[in-house]
Amino acid sequence: MEAVRFDELELDDRILRAVTDMGFEAASPIQAQAIPVQMEGRDIVGQAQTGTGKTAAFGIPLLQKIDPDCRKLQAIALCPTRELAIQVADEIRKLAKYMHGIKVLPIYGGQDIARQIRGLKDGTQIVIGTPGRVMDHMRRKTIRCDHIHTVIMDEADEMLNMGFLEDMETILSQLPEERQTVMFSATMPSEIQNIARRFQKNPVTVKVVKKELTVPKVTQYYYEVKPKTKVEVMCRLLDMYAPKLSIAFCNTKRQVDDLVQDLQGRGYFAEGLHGDLKQMQRDRVMSSFRNGTTEILVATDVAARGIDVDNVEAVFNYDIPQDDEYYVHRIGRTGRAGKDGIAFSLVVGREVYKLRDIQRYCKTKIIPQAIPSLDDITAIKAEKIMEQAMDLIRDTDLTKMVNLIERAVLTEECTSLDVAAALLKLSMGEENEDIIDSGRPARSLDDLDRYGRDGGGRGRRDGRGSRDGKGSRYGRDSRYDREGREDMARLFVNIGKNQNIRPGDVLGAVAGESGISGKLVGSIDMYDNYTFVDVPREYADAVLRAMKDVKIKGKNVHVEKANGKGR
């Protein structure tokens with residue numbers, strides 16, 4: 001359909017100004033269809049998935065209808081999850097930026113109900129809530145329905161899947177009969193259709209047609225793998241494409257936990273999100289993912305609903321979804337805000353036939369790819385380093401470096417090409433260090449000096465953790481080996497891999513206890529019985545104080561400055 005500009009929709013000037021501030025000019029297909037109908041006061045059944053702009057589709061006409069001079073509750077929007085309720089409330093607040101006197105309150109389980117009651121008494125016109133908590137407030141009479149003229153059900157099919165059907169029916173039956181009822185749902189199962197028949201009056205259906213459900217800016221690949229090689233293939237793809245933020249989808253909560261453990265064990269910054277997590281844990285995981293401390297979010301489909309992070313560069317279908325539409329929801333997490341995205345699907349055995357069904361449904365092409373070999377990854381790393389080197393040659397005066405290399409060539413039996421090759425090898429992190437294993441944990445650095453460096457083996461030096469050998473390297477990249485060392489202090493921790501400790505445990509303890517951002521922590525070199533951690537020199541003393549009486553996985557730890565040892 002032809003693009004419709006927001007200034008063609010007869011919007012309140014204050015809303016139009018807020019929309020402009022948010023950087024939007026043309027309405028999305030669902031917005032162009034739904035906004036005029038809702039502004040007429042008609043009931044709506046909207047069929048659209050996450051990422052199509054449906055919050056603004058119902059939020060803009062809702063704001064036009066709210067009376068800011070009336071301090072009574074005038075509208076309720078029901079959402080399946082806490083995350084979506086918060087997200088919807090935030091977006092409606094942005095749209096109401098210049099509409100003074102309008103208060104929007106998200107209410108959900110896991111938050112102190114007394115705080116919510118105070119917010120409701122303070123004169124809230126719009127409540128965005130999960131069905132269970134809205135029901136709780138209705139029973140307590142802290143939500144009164146007398147002045148409610150609009151109710152919105154966002155992602156109704158997900159509320160159905162999460163067992164909220166009875167709550168939805170109860171809430172709708174207690175609202176004033178003269179009201180506007182707007183429902184959005186990605187799919188239309190019979191139960192949702194029954195709700196529309198029972199609680200809506202001659203609703204207008206607006207939807208994004210199937211061909212518009214695909215995400216044109218997402219390049220989609222699939223790899224045929226064996227069950228035992230899925231983790232390794234995913235890690236190779238992570239190393240090869242190096243996305244800054246990515247989401248991996250699994251079909252079960254147990255698979256989420258297993259994959260997170262595998263990724264963390266290999267040195268990746270990964271966290272899981274599923275229904276068994278407490279709200280405080282979910283908040284921590286999402287905050288960490290949004291600020292980039294966590295680079296890989298592993299989630300189930302239900303847990304990922306409501307997550308809206310624009311700069312996700314890659315999506316991994318670690319498990320192929322059972323529902324075709326879930327595939328669309330998943331890949332829609334990347335390629336947002338006009339950016340390119342990439343989606344990888346790991347296919348086992350007969351799942352390739354399921355993927356063909358998904359292709360037909362989405363009217364898209366999912367391209368088969370050969371699993372990248374270690375040589376492929378090495379070549380790509382070398383290529384990236386060479387590109388950086390070419391940029392330096394073009395933009396930097398390298399006279400001093402050239403003189404150093406000329407001196408080395410003259411004094412050693414080597415050529416400038418030999419020196420360049422050796423420097424490339426160092427930059428790629430291929431150097432290894434043999435360390436004798438004494439077989440006993442070290443209590444301090446003095447023990448290490450007395451008995452020899454104990455827990456070694458070969459640790460990868462590229463900042464992604466070891467694939468084999470005993471050492472493990474954990475860090476964003478290997479720049480801490482080559483530059484900025486003056487700004488970093490190295491700390492010694494007297495436990496390692498033999499004590500069942502992972503790099504992520506050490507990172508969590510350092511960041512969690514000291515309060516510094518995990519992004520500031522440099523390399524974590526883990527050996528069998530001890531670990532070295534690089535932290536910014538200015539925070540070193542604070543970290544030492546914070547770690548004085550800390551336990552990691554129930555084990556007492558001793559932390560001290562390494563003073564250049566173990567480098």
Starting from the C-alpha separation in whole Å, work towards a yes-or-no answer on side chain to side chain donor-acceptor pair (under 3.5 Å) for D239 and Y268.
CA-CA 10 Å; D239 288 349; Y268 296 90; 2.9 Å; yes

Verdict with supporting geometry, K230 and D319, side-chain contact (heavy atoms from CB on, under 4.5 Å)
CA-CA 9 Å; K230 286 175 82 172; D319 294 328; 3.0 Å; yes

May I have the step-by-step check of side-chain contact (heavy atoms from CB on, under 4.5 Å) for S288 and F269, ending in yes or no?
CA-CA 10 Å; S288 179; F269 293 84; over 6 Å; no

Stepwise, does the side-chain contact (heavy atoms from CB on, under 4.5 Å) test hold for V134 with L78?
CA-CA 8 Å; V134 169; L78 299 177; 3.9 Å; yes

Mind running salt bridge (charged side-chain N to carboxylate O under 4.0 Å, His left out) on R93 and D90 for me, showing each step along the way?
CA-CA 5 Å; R93 286 195 195 103; D90 285 344; 3.0 Å; yes

Check the pair V218 / I342 against side-chain contact (heavy atoms from CB on, under 4.5 Å), numbers first and verdict last.
CA-CA 5 Å; V218 178; I342 191 166; 5.7 Å; no

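For the salt bridge (Lys or Arg N to Asp or Glu O under 4.0 Å) test, residues two or more places apart in sequence or in another chain that qualify with R284 are E271. Every residue meeting the side-chain contact (heavy atoms from CB on, under 4.5 Å) condition with L245, not counting sequence neighbours, appears here in chain and number order: F289, V309, N311. For D257, the side-chain contact (heavy atoms from CB on, under 4.5 Å) partners at least two apart in sequence or on another chain are H274. Considering only residues two or more places apart in sequence or on other chains, V260 meets the side-chain contact (heavy atoms from CB on, under 4.5 Å) condition with V256, Q264, V298. Contacts of Q261 classified as side-chain contact (heavy atoms from CB on, under 4.5 Å), with partners at least two apart in sequence or in another chain: R502. Contacts of K555 classified as salt bridge (Lys or Arg N to Asp or Glu O under 4.0 Å), with partners at least two apart in sequence or in another chain: none. The side-chain hydrogen bond (donor to acceptor under 3.5 Å, both in side chains) check on N556 picks up nothing, with sequence neighbours excluded. For R82, the salt bridge (Lys or Arg N to Asp or Glu O under 4.0 Å) partners at least two apart in sequence or on another chain are D283. With sequence neighbours excluded, no residue forms a side-chain hydrogen bond (donor to acceptor under 3.5 Å, both in side chains) with T124. Residues that satisfy the side-chain hydrogen bond (donor to acceptor under 3.5 Å, both in side chains) test with D136, not counting sequence neighbours, are R140. With sequence neighbours excluded, no residue satisfies side-chain hydrogen bond (donor to acceptor under 3.5 Å, both in side chains) with D258.
The heavy-atom pair separating T334 from G341 by the smallest distance is OG1-CA, 3.3 Å. Looking at every heavy atom in both residues, A248 comes nearest to M234 through CB-CE, 3.6 Å. Between A509 and M547, the shortest heavy-atom distance links the atoms O-SD, 3.7 Å. Here the closest heavy-atom approach between residue I524 and residue P503 is recorded as CD1-O, 3.9 Å. The two residues Y223 and P372 make their nearest non-hydrogen contact at CE2-CD, 4.1 Å. Between T130 and G109, the shortest heavy-atom contact is OG1-N, 3.9 Å.
Here N529 contributes atom CG and I495 contributes atom CD1; the two are 10.5 Å apart, rounded to the nearest 0.5 Å. Atoms CE and OG, on M240 and S373 in that order, are 8.0 Å from each other to the nearest 0.5 Å. Atom CD1 of I126 sits about 6.5 Å away from atom CD1 of I128, to the nearest 0.5 Å. Put simply, CZ on R333 and CZ on F249 are 5.5 Å apart, with the number rounded to the nearest 0.5 Å. Here the CD-CE distance, from E155 to M159, works out to 8.5 Å after rounding to the nearest 0.5 Å. Note that OH of Y530 and CD of Q499 are 12.5 Å apart. Values are rounded to the nearest 0.5 Å.
Side-chain contact check for L237 versus L346: some heavy-atom pair is nearer than 4.5 Å. For the pair Q116 and K121, the minimum side-chain heavy-atom distance is 4.5 Å or more. When side chains are defined from C-beta on, C250 counts as touching L259, because their heavy atoms get closer than 4.5 Å. Between M135 and T170 there is a side-chain heavy-atom pair separated by less than 4.5 Å. With contacts defined as side-chain heavy-atom distances shorter than 4.5 Å, the pair T219/Y221 qualifies. L544 has its side chain within reach of L491: a pair of non-hydrogen atoms, C-beta onward, lies under 4.5 Å apart. Taking the side chain as every heavy atom from C-beta outward, M286 and L297 approach each other to under 4.5 Å. Contact annotation: the side chain of Y327 approaches that of S345 to within less than 4.5 Å [non-hydrogen atoms, C-beta and beyond].
No donor-acceptor pair closer than 3.5 Å links the side chain of E91 to the backbone N or O of V88. Between the side chain of K278 and the backbone N or O of G110, no donor-acceptor pair lies under 3.5 Å. Checking side-chain atoms of R537 against main-chain N and O of M488 turns up a donor-acceptor pair under 3.5 Å. The main-chain N or O of H137 is found under 3.5 Å from a side-chain atom of T142 such that the two form a donor-acceptor pair.
Note on residues 240-252: pairs passing side-chain hydrogen bond (donor to acceptor under 3.5 Å, both in side chains), not counting sequence neighbours, are N251-R330.
By the 4.0 Å N-to-carboxylate-O rule, K548 lies too far from E560 to be salt-bridged with it.
The neighbour count for K94 NZ, taken as heavy atoms of other residues, nucleotides or ligands under 6.0 Å away, does not exceed 12.
A donor atom on one side chain and an acceptor atom on the other are not found under 3.5 Å apart for Q279 and Q111. Looking only at atom types and distance, the side chain of T293 has a donor-acceptor partner in the side chain of N291 under 3.5 Å away.
No cation-pi contact links K561 to F492, judged by a cut-off of 6.0 Å to the six-membered ring centre and 45° from its axis.
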